[in-house]
2 protein chains.
Amino acid sequence: MKVVCLDMEGVLTPEIWQHVAKRTQIKELNLTTRDVKDYRELMDRRLDICAAHDVTLEKIQAYITELDVFEGARDMIDWIRERYQLIILSDTFAEFADHFMKQLGRPSLFCHNISYNPATKRLEYSLRQDNAKAKAVAAMRSLNLRTCAAGDSYNDIHMLKEADVATFFRAPANIRGEFPQYGNLQAYDELKDFIHRSL
Amino acid sequence: MKVVCLDMEGVLTPEIWQHVAKRTQIKELNLTTRDVKDYRELMDRRLDICAAHDVTLEKIQAYITELDVFEGARDMIDWIRERYQLIILSDTFAEFADHFMKQLGRPSLFCHNISYNPATKRLEYSLRQDNAKAKAVAAMRSLNLRTCAAGDSYNDIHMLKEADVATFFRAPANIRGEFPQYGNLQAYDELKDFIHRSL
C-alpha cells in the first residue's frame with residue numbers, strides 16, 4: 001500500500017496567519033515557518049502578539065471561514081484518494097483546519113491543538129510532538145506503507161527526508177536554494193504526475 | 001488529537017468471502033477469521049479453493065459490487081470524521097475494499113494487496129505485515145494520538161489490546177466469551193456514544 005503525505009498551508013490552502021495578519025492589520029503576524037525555522041519560537045511570538053491585541057480563537061476561526069482551499073485542491077486530493085491513501089501532515093491546529101477539512105471532504109489530518117483560555121485571555125497551543133511530520137512519515141514506513149511527501153517550507157524538510165519519495169510544491173526561492181534535491185512543482189497536475197511516476 | 005480505528009468487515013460492511021461463497025456456491029469459502037485464527041492459513045486455504053474453482057479477482061470484484069455498506073455506516077463515519085481522525089484497519093485487500101471505500105467517502109484504509117496471476121491462474125496476496133492492525137494502532141500511539149478501536153473478530157484482538165480504549169462491535173458469542181473485557185455494542189449510536197464518552 002502507498003500513502004501520500006501532504007502539507008496543508010501553501011500546498012492545499014492559503015497561509016492562515018498571513019490572512020489573520022491582513023484582517024487584524026497586525027503586520028508582525030505575517031511571519032511563517034518560511035521565516036522562523038523554530039516552530040515553538042514562532043508560535044510563542046504569535047500568541048504574545050495575539051494576547052496584546054485581544055485576538056481570540058473565535059476571531060481567528062471567523063477569519064479562516066473567509067478563505068477557500070486553492071482552486072483544484074479538492075479535485076487533486078480526490079484523485080489521490082481514489083488511488084492511494086492520503087494523510088495531511090500539518091503544523092497547524094485542528095481548531096483552525098476544520099473549515100478546510102470540510103471543504104476537502106474530510107481527509108485524514110495529523111496536526112496539533114489550540115484553545116483560548118478566558119482566564120488569562122491567551123491562546124494556548126499543545127504540540128502533539130516535536131518534529132511531528134517526520135515522525136508520522138517514519139511511523140507510516142514502519143507499517144510497510146510506501147510514502148510520498150510534498151511540502152513547501154522549512155517545517156517540511158525532515159518529512160521530505162524521511163519519505164520514500166518527496167518533492168517541494170510551490171516552495172519559495174530561498175528554501176529551494178538550500179535544498180535543491182527536492183525540485184519544485186507548481187501545478188497540481190505536475191504533482192499528480194510525480195506521485196504516479198514515483199510512488 | 002484522537003483517532004478512531006475501525007475494522008471494516010462485520011463493522012461497516014458485510015463479510016466479503018461469505019458473499020463470494022454464496023454466489024459461487026462453494027461452501028468452504030464461508031470460513032472467516034472468526035473460525036480460523038491464523039490469517040495466512042485461512043487465506044492459503046481460500047486461494048487454493050479459488051484456484052480449484054477458477055475464481056478470479058475480476059469475478060470477486062464483480063460479486064463485491066453487489067454488496068452495500070451497512071445501513072447507517074456512512075452516517076456514522078461522517079459523524080466520526082467531523083470530530084476525530086478515522087483510519088479503517090482491515091485484513092482485507094485494497095482491491096476488494098475499493099467499492100466500499102467509494103461508498104464511505106474514501107476514509108483512510110490500511111490493509112493488504114491481492115492480484116491475479118494469469119500464468120498460474122491463481123490469486124496471490126501480499127500481507128503488508130503480520131499483526132498489521134495492532135502495529136498500526138501502536139504507530140498511532142507513538143505519534144501521541146489517542147486511539148479508540150472497534151472490531152468483531154479474532155484478528156482484531158491485538159488491535160483492541162493495543163488501543164487506549166476498545167470495544168467489540170457485533171462480535172459473535174464465542175469471541176465475546178473469550179474476551180469479556182471488550183463488551184459488545186450492537187448499534188452505531190452505541191458506538192458513537194462509546195467513542196464520545198471514552199476517547
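Chain naming here is simple, since letters A, B, ... match the order of the sequence lines and numbering starts at 1 in each. The structure presented is a predicted model; accordingly, all values stated were derived computationally and were not measured. Below, each value reflects all heavy atoms present in this structure, side chains not excepted, and no hydrogens, waters or symmetry copies.
Within 6.0 Å of the CD atom in A:Glu28, the count of heavy atoms belonging to other residues, nucleotides or ligands does not exceed 12. Within 6.0 Å of atom CD in B:Gln129, more than 12 heavy atoms from other residues, nucleotides or ligands are found, so the atom counts as buried in its surroundings. For NE2 of B:His19, the number of neighbouring non-hydrogen atoms (other residues, nucleotides, ligands) closer than 6.0 Å is greater than 12. By the 6.0 Å contact criterion, CD on A:Gln181 is enclosed, its count of non-hydrogen atoms from other residues, nucleotides or ligands being greater than 12.
Here the closest non-hydrogen pair linking A:Gln85 and B:Pro107 is OE1-O, 4.0 Å. Contact detail for B:Met140 and A:Phe110: the closest heavy-atom pair is SD-CZ, 3.8 Å. Nearest approach of B:Cys111 to A:Met1, heavy atoms of both residues: N-SD, 2.9 Å.
A distance-only check finds no donor-acceptor pair linking the side chain of B:Arg128 to the backbone of A:Leu145 [under 3.5 Å].
Of all the listed residues (B:Ala136, B:Ala94, B:Ala138, B:Ala132), the one sharing the greatest number of non-hydrogen pairs under 4.5 Å with chain A is B:Ala136.
Side chains of A:Ile87 and B:Ser108 form a contact here, defined as non-hydrogen atoms less than 4.5 Å apart. In this structure, A:Ser142 and B:Lys135 have side chains that are not in contact, with every pair of non-hydrogen atoms separated by 4.5 Å or more.
Heavy atoms closer than 4.5 Å to chain B are found in the side chain of A:Asp98, but not in its backbone. Of the atoms belonging to A:Leu86, it is backbone heavy atoms, and not side-chain ones, that fall under 4.5 Å from chain B.
For the side-chain contact (heavy atoms from CB on, under 4.5 Å) with B:Arg81, the qualifying choice from A:Arg106, A:Met101, A:Lys102 is A:Arg106, the only one to do so.
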